[in-house]
Amino acid sequence: MEIKKSFFRPKARIVAKELIGKILSYKNLSGIITETEAYENDEASHAFRRTERSALMHDSHGKLYIYFIYGNYYCLNITTYDKGPGAVLIRGLKPLEGISIMKRRRNCDDTDNLLNGPGKICQAFNIDKKLNGSLVNDKIKVLDNNIKLKIEKGPRIGIKKSQHLKWRFFVKE
DNA sequence: TACTGGATTCACT
DNA sequence: GTGAATCCAGTAA
C-alpha cells in the first residue's frame with residue numbers, strides 16, 4: 001500500500017530510518033530501499049542556506065527534491081519535516097521489477113551493482129529534474145509491503161568524500 | 001558576468 | 001588511491 005504524506009512529517013533522521021525496507025516504484029520499475037541518508041539544517045545540507053533550489057526542503061514534506069550533480073548525475077531526495085528544512089537522500093536500492101530495463105539503461109549486467117548509489121538509481125529509473133517538486137505517490141511511489149530488515153547506522157558506500165555520516169542508514173547484511 | 005566546487009561514478013594505476 | 005567527465009547553482013563582483 002502507498003504510504004501517507006504524514007509519514008514524511010517527522011525530522012529527516014527519523015524518516016531516513018523508517019524508509020529502509022520500503023519499496024520505491026516508478027512506472028514499471030521498482031526496488032527495495034536499502035540505504036538512505038538524512039539532511040537537516042546543518043552545513044552539509046543544501047538546506048543550510050535557503051536558496052531558490054533549497055526552498056523546497058524548507059516549505060514542504062513528502063515531495064521529491066531532485067538535483068543535478070558533478071555534471072553527470074541526478075540525486076533523488078524526499079523532503080521531510082513540517083516545522084523546518086529536511087530531506088532524505090535515497091542512496092541504495094535492491095532491484096525488484098524491471099531489472100532488464102535497468103541493466104540496459106545502466107549498461108551494467110551485475111544486479112548487485114545496479115542501484116547501489118544515488119546517481120545509479122536515477123540513471124536506472126530514468127529520473128531527472130523534471131520530477132523535482134512533485135508529490136510522492138504522484139509519479140514516483142513509496143510503498144509499504146511490511147518488509148522488516150535489520151538496520152545499521154553509519155558510513156557504507158561513497159564514504160570517500162562524504163562529510164556527512166551522522167544519519168546514514170543501511171541494511172545489515 | 002565569471003568563477004568555483006559539488007549529497008557521484010567509472011576507469012585506470 | 002587518484003583523476004577525469006561534465007553541468008549548473010551559488011556566490012561575488
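This one's a predicted model, so the numbers in the text were calculated from it and none came from an experiment. Letters go in sequence order (proteins before strands), and every chain restarts at 1.
Between Phe7(A) and Leu19(A) the shortest side-chain heavy-atom distance falls below 4.5 Å. Two residues are said to be in side-chain contact when any heavy atoms from C-beta on lie closer than 4.5 Å; Leu64(A) and Ile78(A) meet this criterion. A heavy-atom distance below 4.5 Å is found between the side chains of Met57(A) and Ser45(A). Under the 4.5 Å side-chain criterion, counting only non-hydrogen atoms from C-beta, Glu35(A) is not in contact with Ile121(A).
For the segment residues 121-134 of chain A, no residue has any heavy atom less than 4.0 angstrom from an atom of DNA chain B. A heavy atom closer than 4.0 Å to some atom of DNA chain C occurs in Arg49(A), Thr51(A), Arg53(A), these being the qualifying members of residues 46-59 of chain A. Listed by residue number, the members of residues 73-85 of chain A with any heavy atom below 4.0 angstrom from DNA chain B are Tyr73(A), Cys75(A), Asn77(A). For the segment residues 95-117 of chain A, the set of residues with a heavy atom within less than 4.0 Å of an atom of DNA chain B comprises Arg106(A), Gly117(A), in numerical order.
Looking at residues two or more places apart in sequence or on another chain, you find a side-chain contact (heavy atoms from CB on, under 4.5 Å) between Ser30(A) and Ile23(A), Ser25(A), Leu96(A), Glu97(A). Residues that satisfy the side chain to side chain donor-acceptor pair (under 3.5 Å) test with Arg106(A), not counting sequence neighbours, are Gln123(A). Annotation: side chain to side chain donor-acceptor pair (under 3.5 Å) contacts of Ser134(A) (sequence neighbours excluded): none. A search for side chain to side chain donor-acceptor pair (under 3.5 Å) contacts involving Asn132(A) returns nothing, not counting sequence neighbours. Every side chain to side chain donor-acceptor pair (under 3.5 Å) that Thr79(A) has, sequence neighbours left out, goes to Ser60(A). By the ring pair (Phe, Tyr, Trp, His ring centres under 6.0 Å) test, Tyr26(A) pairs with no residue at all, sequence neighbours left out.
Around the NZ atom of Lys22(A), the shell of radius 6.0 Å holds more than 12 heavy atoms that belong to other residues, nucleotides or ligands.
Atom name P, nucleotides dG3(C) and dG5(B): the rounded distance is 16 Å, in whole Å.
Put simply, CD on Glu18(A) and CD1 on Ile151(A) are 7.0 Å apart, with the number rounded to the nearest 0.5 Å. Interatomic distance, CG of Leu131(A) versus CG of Asn126(A), reported as 9.0 Å (0.5 Å rounding). With rounding to the nearest 0.5 angstrom, the OH atom of Tyr65(A) is 8.0 Å from the CG atom of Leu56(A). Here the OH-CZ distance, from Tyr67(A) to Arg53(A), works out to 7.5 Å after rounding to the nearest 0.5 Å. Atom SG of Cys75(A) and atom NZ of Lys120(A) lie 12.5 Å apart (nearest 0.5 Å).
One interatomic measurement links the two molecules: CG of Asn72(A) to P of dA5(C), which rounds to 10 Å at whole-angstrom precision. Atom OH in Tyr70(A) sits about 10 Å away from atom P in dT9(B), given to the nearest Å. Note: CD (Glu43(A)) to P (dG6(B)) measures 13 Å, nearest angstrom. When rounded to the nearest whole Å, the span between CD1 of Ile66(A) and P of dC8(C) equals 15 Å.
Across Trp167(A) and Lys153(A), no two heavy atoms sit closer than the pair CD1-CE, 4.0 Å.
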message: If a pair means Watson-Crick or G-U wobble with both distances below 3.5 Å, what does DNA chain B look like in dot-bracket form, with | marking bases paired to a different strand?
response: ||||||.|||||.
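Taking the 5.5 Å centre cut-off and the 30° plane limit, the aromatic side chain of Tyr39(A) is classed as stacked on dA7(B).
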- request: Test Arg50(A) against Asp59(A) for salt bridge (charged side-chain N to carboxylate O under 4.0 Å, His left out), laying out the working first.
  value: CA-CA 10 Å; Arg50(A) 188 192 170 98; Asp59(A) 299 340; 2.8 Å; yes
Would you list the protein and nucleotides 3-5 of chain B atom pairs, both N or O, that sit under 3.5 Å from each other?
none

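For Tyr67(A) against dA7(B), a side-chain N or O and a base N or O form a donor-acceptor pair under 3.5 Å.
Residue-level contact check: Gly119(A) touches the backbone only, with heavy atoms under 4.0 Å from sugar-phosphate atoms and none from bases.
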